[in-house]
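Comments concern the structure below.
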Amino acid sequence: MVDATTVRQRAEAFLAGHDPSELSPLDWLRARFDAGLAWVHFPEGLGGLGAPRDLQGVVDQLFRGTPDNNPGRIGIGLGMAAPTILAYGTEEQKRRFLRPLWTGEEVWCQLFSEPGAGSDLAGLATRAVRDGDDWVVDGQKVWTSSAHLARWGILVARHDPDLPKHRGLTYFVCDMEAPGVEVRPLRQITGEAEFNEVFLTGVRLGDDLRLGEVGDGWRVAQTTLMNERVAIGASGSPRRTMMSVFTEAWQARPELRTHDLHRRALDLWVQGEVMRLTGQRLREQLLAGHPGPEGSGMKLLFARHHQEVSALEVEFLREDGLTYDDWTFRRPDGVDFLGRGAGYRYLRAKGNSIEGGTSEILRNIVAERVLGLPAEPRTDVAAPWKDLPR
């Protein structure tokens, strides 16, 4: 077992032999990956050392101030695609995809939701038909973050409409540069288009781009979704948060304070601390294996907290809180909650209760899988998908 001393020694030796000022950021990141210091809990040869996950903090602390891989831009790859590829990919797939994913050379997107299958992912209609060594994919995906930047997408499609909806799915890596892939922007309430709709028309994907077995798409997708909710709701505690941004405004504008606002701000600060500690516990649970449904609860708390803090900030700033910096249509590289104004934070936070699983569906997951309450009656789980009303 690789221990903290070994990890520290490897990191210090790497820093002694690799001066960031003498290498391009990309070459430095490639060398870090090859040294096993990208994500230390991954296997050797795949960016890791086979070390316990909690030793990543040792590396991150020593490497502070060195070139990073812009996690905000490649978050889908880091938080969703990578753990899914590690769990279900072939050795060839792992070696092909993980290195450029981590270095940021290749951006990933998530091709799950559809116009007729958002909250009910298992009801999706995008078809994948086997044709020799290829699969031909036709369908439409929606709310696809970063599709306009992506080189690859993680895709769930229906290979057999005669099976019940959960059993007729297969999981693929989609080549976003393949003929037949069309990405169209979806303009949001912020004026930007970080989301997209993606049309797939006769897209040919080799069978070597399949992740997991044919018909195992639902199980593979659950790995992605659980990691997604942990990545959103239980990520590491940054130095600046939505609450700390509000606190800066509170300290700068004492003339706007009221007793009621003070009481509500304290309540939200306590909620933020509960989230931080719960997130730490959830990250510790990851050390024992795959993330569980508890990540859905954290994602619920995250969405509500972001929305309540941003609303309080707008209310506190009064007319200044109603201003908005820029309505210009653009397609950003990522989401910037902390670098923009209060108006942006308020508008963008509205999406937190939709993206990564709607709050309504997550409450069902928490009720059934965490609290053990009776499941809602379902009449659509055994019938063939083709016979279900749509």
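Index from 1, following the sequence.
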Measure the spacing between [atom1] of [X] and [atom2] of [Y] and express it to the nearest 0.5 Å.
| X | Y | atom1 | atom2 | answer |
| --- | --- | --- | --- | --- |
| Leu211 | Thr224 | CG | OG1 | 8.0 Å |
| Arg219 | Leu169 | CZ | CG | 13.5 Å |
| Ile365 | Leu362 | CD1 | CG | 5.0 Å |
| Ile85 | Lys94 | CD1 | NZ | 10.0 Å |
| Arg167 | Arg158 | CZ | CZ | 11.5 Å |
| Met243 | Leu312 | CE | CG | 7.0 Å |

Quick check against the 3.5 Å criterion: does [X] have a side-chain atom that pairs as donor or acceptor with the backbone of [Y]?
| X | Y | value |
| --- | --- | --- |
| Thr144 | Ala147 | no |
| Ser146 | Leu149 | no |
| Arg184 | Leu186 | no |
| Lys299 | Asn352 | yes |
| Glu313 | Phe246 | no |
| His306 | Tyr346 | no |
| Asn196 | Val198 | no |

Heavy-atom side-chain contact between [X] and [Y] under 4.5 Å:
| X | Y | result |
| --- | --- | --- |
| Trp102 | Arg32 | yes |
| Asp131 | Arg204 | yes |
| Val314 | Arg345 | no |
| Tyr171 | Thr84 | yes |
| Met176 | Cys109 | yes |
| Leu322 | Asp320 | no |
| Leu200 | Thr126 | yes |
| Leu373 | Glu368 | no |

Using the test side-chain contact (heavy atoms from CB on, under 4.5 Å), find all partners of [X] that sit at least two apart in sequence or belong to another chain.
| X | answer |
| --- | --- |
| Val214 | Trp135, His159, Thr170, Arg210 |
| Ala193 | Pro185, Phe329, Arg331 |
| Ile74 | Asn69, Leu78, Val107 |
| Thr201 | Asp138 |

Does a salt bridge link [X] with [Y], judged by any charged N lying under 4.0 Å from a carboxylate O?
| X | Y | value |
| --- | --- | --- |
| Arg99 | Glu106 | no |
| Arg348 | Asp336 | no |
| Glu105 | Arg30 | yes |
| Glu376 | Arg378 | no |
| Asp175 | Arg151 | yes |

For the student: nearest non-hydrogen atoms of [X] and [Y], plus distance:
| X | Y | result |
| --- | --- | --- |
| Leu86 | Leu46 | CD1-CD1, 4.4 Å |
| Leu347 | Trp327 | CD1-CH2, 3.8 Å |
| His18 | Ala31 | CD2-CB, 3.8 Å |
| Ile154 | Ala81 | CG2-CB, 4.1 Å |
| Gly212 | Val220 | CA-CG2, 4.4 Å |
| Ser296 | Met226 | OG-CE, 4.2 Å |

Can [X] and [Y] be counted as having a side-chain donor-acceptor contact under 3.5 angstrom?
| X | Y | answer |
| --- | --- | --- |
| Asp19 | Ser21 | yes |
| Gln56 | Asp60 | yes |
| Gln140 | Glu114 | no |
| Gln110 | Ser145 | no |

* **Criterion side-chain contact (heavy atoms from CB on, under 4.5 Å) on Arg264 and Asp260, from CA distance to verdict** => CA-CA 6 Å; Arg264 290 159 58 192; Asp260 178 63; 3.1 Å; yes
* Show the numbers, then the answer: is there a side-chain contact (heavy atoms from CB on, under 4.5 Å) between Lys141 and Phe112? => CA-CA 7 Å; Lys141 299 293 181 174; Phe112 278 28; 5.6 Å; no
* Quick one: side chain to side chain donor-acceptor pair (under 3.5 Å) partners of Glu192, sequence neighbours excluded? -> Arg330, Arg340
* Listed partners of Thr379 passing side chain to side chain donor-acceptor pair (under 3.5 Å), at least two apart ->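 For Thr379 there are no side chain to side chain donor-acceptor pair (under 3.5 Å) partners, ignoring immediate neighbours.
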* **Pairs touching residues 58-97 that satisfy ring-ring contact (aromatic ring centres under 6.0 Å, His included), sequence neighbours left out** => Phe14-Phe63, Trp28-Phe63, Phe97-Trp108, Phe97-Trp152
* Which residue pairs pass the ring-ring contact (aromatic ring centres under 6.0 Å, His included) test with at least one member in residues 173-222, sequence neighbours excluded? ->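 For residues 173-222, and leaving out neighbouring residues, the ring-ring contact (aromatic ring centres under 6.0 Å, His included) pairs sorted by first residue read His166-Trp218.
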* To do: Quick one: do Thr190 and Tyr324 satisfy side-chain contact (heavy atoms from CB on, under 4.5 Å)? Show the steps, please.
  => CA-CA 9 Å; Thr190 61; Tyr324 189 69; 3.2 Å; yes
* Hey, can you tell me if Phe42 and Trp39 have their rings parallel, tilted or perpendicular (30° and 60° cut-offs)? => parallel
* To do: Please report the C-alpha distance between His305 and Met242 in whole Å, then the side-chain angles of each, then the deciding distance to 0.1 Å, and finally whether the side-chain contact (heavy atoms from CB on, under 4.5 Å) criterion is met.
  => CA-CA 9 Å; His305 193 257; Met242 292 276 276; 5.7 Å; no
* Single-linkage hydrophobic cluster Ile189~Val335, side-chain heavy atoms < 4.5 angstrom ->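 Same cluster: Ile189 reaches Val335 through Ile, Leu, Val, Met, Phe, Trp or Tyr contacts under 4.5 Å.
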* Residues that, via side-chain heavy atoms closer than 4.5 angstrom, fall in one hydrophobic cluster with Val136 -> none
* To do: For Glu213, enumerate each residue passing the salt bridge (Lys or Arg N to Asp or Glu O under 4.0 Å) test, keeping only those at least two apart in sequence or located in another chain.
  => none
For residues 4-11, tabulate all N or O donor-acceptor pairs below 3.5 Å that involve a side-chain atom, not counting sequence neighbours.
from  : atom 1 : to    : atom 2 : distance (Å)
Thr6  : OG1    : Asp3  : OD1    : 2.8
Arg10 : NH2    : Ala35 : O      : 3.3

* Scan residues 265-275 for pairs that pass side-chain hydrogen bond (donor to acceptor under 3.5 Å, both in side chains), counting only residues two or more places apart or in two chains. =>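 Listed once each, the pairs are Glu273-Arg276.
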